[in-house]
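Owing to the predicted nature of the structure, the values given are computational and were not obtained by experimental measurement.
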Amino acid sequence: MNANNHYDVIVIGAGPAGLTAGIYLSRARLKKLIVSEGIAGGQMILTHEIANYPGVESISGYQLASIMKKQAIAFGCDIRTNAAIQELSMEAEIKSITLSDGITYTSESVILTPGGRSRTLGVPGEDNFKGRGISYCATCDGDFFTNKEIVVVGGGNSALEEAVSLTKYARKVTIVHQFDNFQAFEHAVDEARNNPKIQFIMESTITGLHGTDSIEHVDIKNLRSGRITSFKTDGVFIFIGYLPNTEFLKDKVELNKWGEIAVKPDMSTNIEGVYAAGDSIAKRFRQITTAVGDGTVAALAASNYLHELKAKQKQLITA
Ligand SMILES: Cc1cc2nc3c(=O)[nH]c(=O)nc-3n(C[C@H](O)[C@H](O)[C@H](O)COP(=O)(O)OP(=O)(O)OC[C@H]3O[C@@H](n4cnc5c(N)ncnc54)[C@H](O)[C@@H]3O)c2cc1C
């Protein structure tokens with residue numbers, strides 16, 4: 001074990017959950033390394049404007065990410081970004097992580113915060129209009145569509161519940177769904193059907209997104225007839241599933257059937273010394289505030305674990 005590359009805690013992921021965990025680990029005077037596959041900030045850097053983070057009326061995601069990163073560094077976190085994990089071993093008391101440059105880091109504890117991503121439609125124009133008419137989060141972006149006409153894509157619980165919640169803002173919501181029935185609870189379907197602001201286009205899918213500065217119209221294909229029509233809209237909300245970034249954790253930590261990390265209320269996983277936080281864990285609401293909260297709990301629980309572990313090790317030495 002190389003002492004220079006040994007940390008008390010290694011945090012995997014540098015989104016709001018990981019950066020918050022780093023800040024709180026510093027408060028406990030622990031040596032910590034944050035490792036991230038991408039640049040620091042996670043999904044925040046994809047966000048044009050954040051208006052629901054308490055204490056900050058409005059800020060670009062990039063700016064909020066930069067502030068959190070600066071704060072984590074000022075608190076003494078080592079951060080390695082754009083670093084892919086090649087090997088990960090967490091079963092033993094000493095955990096080890098090898099990055100793609102071949103450097104191995106070890107630690108007594110690991111906090112997993114790899115976040116996740118919304119399932120995308122994969123149609124032309126989708127990447128272009130992300131944050132400029134395309135959204136995957138009603139709580140985050142609904143307000144920007146006040147009095148506008150929007151399309152919601154999907155037919156599960158999320159799509160129907162979010163469509164109903166979007167009627168608080170939008171003048172009209174059109175749900176586009178690929179089947180002739182919904183894969184959602186009956187009460188969610190009834191609530192959407194009884195909402196006068198919601199209309200439905202069934203057995204259809206979106207095949208193209210068009211506009212100049214932001215979305216102006218979409219191509220909707222009827223899957224029965226194959227006919228494509230152009231549909232005018234101010235925005236498209238896509239709720240066709242969520243994918244946690246946990247592929248690299250398969251067989252390393254307990255995941256549920258959706259690939260989300262199973263955690264207890266203190267964010268501990270089934271592996272001793274390993275904690276998880278943020279969008280990658282099994283939970284209902286995925287926001288910056290919830291990620292920051294989870295990161296705090298995980299860091300405090302990991303600090304506690306290390307405190308007890310070190311006390312035990314001291315006892316063994318003196319015995
Ligand atoms: C377009 C958009 C707009 C949003 N708007 C808002 C909003 O206005 N308000 C709000 O509260 N929330 C918003 N959200 C949700 C919010 O961004 C997330 O809930 C939050 O970022 C989750 O934080 P996290 O730290 O758990 O994960 P993430 O932010 O996803 O960060 C994960 C980190 O892990 C790293 N990583 C992933 N896989 C690996 C790996 N294998 N190895 C190493 N590192 C890895 C990533 O590079 C990243 O650094 C929005 C999300 C999107 C996509």
Open item on the list: Any heavy-atom pair between the side chains of Phe200 and Arg193 that's under 4.5 Å?
Closed with: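 Yes; the side chains approach each other to less than 4.5 Å.
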Task: Phe237 side chain reached by Val173 side chain, heavy atoms, under 4.5 Å - done: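 No - every pair of side-chain heavy atoms lies 4.5 Å or more apart.
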Is the side chain of [X] donor-acceptor paired with the backbone N or O of [Y] at a distance under 3.5 Å, no angle test?
| X | Y | answer |
| --- | --- | --- |
| Asp279 | Gly116 | no |
| Thr246 | Gly259 | yes |
| Thr104 | Thr98 | no |
| Lys69 | Ala40 | no |
| Arg119 | Leu243 | no |
| Glu37 | Ile85 | no |

- [ ] Answer yes or no: are there more than 12 heavy-atom neighbours, outside Asn181 itself, under 6.0 Å from its atom CG?
- [x]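 More than 12 within 6.0 Å, yes.
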- [ ] Can you establish whether the number of heavy atoms outside His187 located under 6.0 Å from its atom NE2 is more than 12?
- [x]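 Buried by this count: over 12 neighbours within 6.0 Å.
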Open item on the list: Name the residue from Leu33, Val35, Leu19, Leu25 that meets the side-chain contact (heavy atoms from CB on, under 4.5 Å) definition with Val11.
Closed with: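 That would be Leu25; it is the only one of Leu33, Val35, Leu19, Leu25 passing the side-chain contact (heavy atoms from CB on, under 4.5 Å) with Val11.
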Which pair of heavy atoms, one from [X] and one from [Y], lies closest together, and at what distance?
| X | Y | value |
| --- | --- | --- |
| Glu162 | Ala138 | OE1-CB, 3.8 Å |
| Ile34 | Ala14 | CG2-CB, 3.8 Å |
| Ser26 | Cys77 | OG-SG, 4.0 Å |
| Pro16 | Val292 | CB-CG2, 3.9 Å |
| Met90 | Lys252 | CE-O, 3.9 Å |
| Pro114 | Ser280 | CD-OG, 3.2 Å |

Task: Nearest-0.5 Å distance, CG of residue Asp219 to OG1 of residue Thr207 - done: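 Nearest 0.5 Å value for the CG-OG1 distance: 4.5 Å.
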- [ ] First locate atom CG of Leu30, then atom OG of Ser109, and finally report the distance between them rounded to the nearest 0.5 Å.
- [x]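 The OG atom of Ser109 is 9.0 Å from CG of Leu30, to the nearest 0.5 Å.
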Open item on the list: Please say yes or no: joined through hydrophobic side-chain contacts below 4.5 Å, possibly via intermediate residues, are Tyr62 and Ile134 part of one cluster?
Closed with: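 They do not share one cluster, since no chain of ILVMFWY contacts under 4.5 Å joins Tyr62 to Ile134.
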Open item on the list: Between Lys264 and Glu254 (salt bridge meaning N to carboxylate O under 4.0 Å), is one present in this structure?
Closed with: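 Salt bridge between Lys264 and Glu254, a charged N being under 4.0 Å from a carboxylate O: no.
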- [ ] Decide whether a cation-pi geometry holds between Lys31 and Tyr7; the criteria are a distance under 6.0 Å from NZ or CZ to the six-membered ring centre and an angle within 45° of the ring axis.
- [x]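 Geometry flag: set, cation within 6.0 Å and 45°.
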TODO: State whether Phe75 and Arg27 meet the cation-pi test: NZ (Lys) or CZ (Arg) under 6.0 Å from the six-membered ring centroid, and within 45° of the perpendicular axis.
DONE: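 Output no; distance or angle outside limits.
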TODO: Kindly assign one of parallel, tilted or perpendicular to the pair Phe179 and His177, based on the angle between their ring planes and the thresholds 30° and 60°.
DONE: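 If you compare the ring of Phe179 with that of His177, the planes turn out perpendicular.
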Open item on the list: Would you say Gln86 and Ser100 are linked by a side-chain donor-acceptor pair, where the criterion is simply a distance under 3.5 Å?
Closed with: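 Side chains of Ser100 and Gln86: no pair found under 3.5 Å.
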Task: Test log, rule side chain to side chain contact (heavy atoms under 4.5 Å, CB included), inputs Lys130 and Tyr136 - done: CA-CA 9 Å; Lys130 269 183 195 162; Tyr136 304 85; 3.3 Å; yes
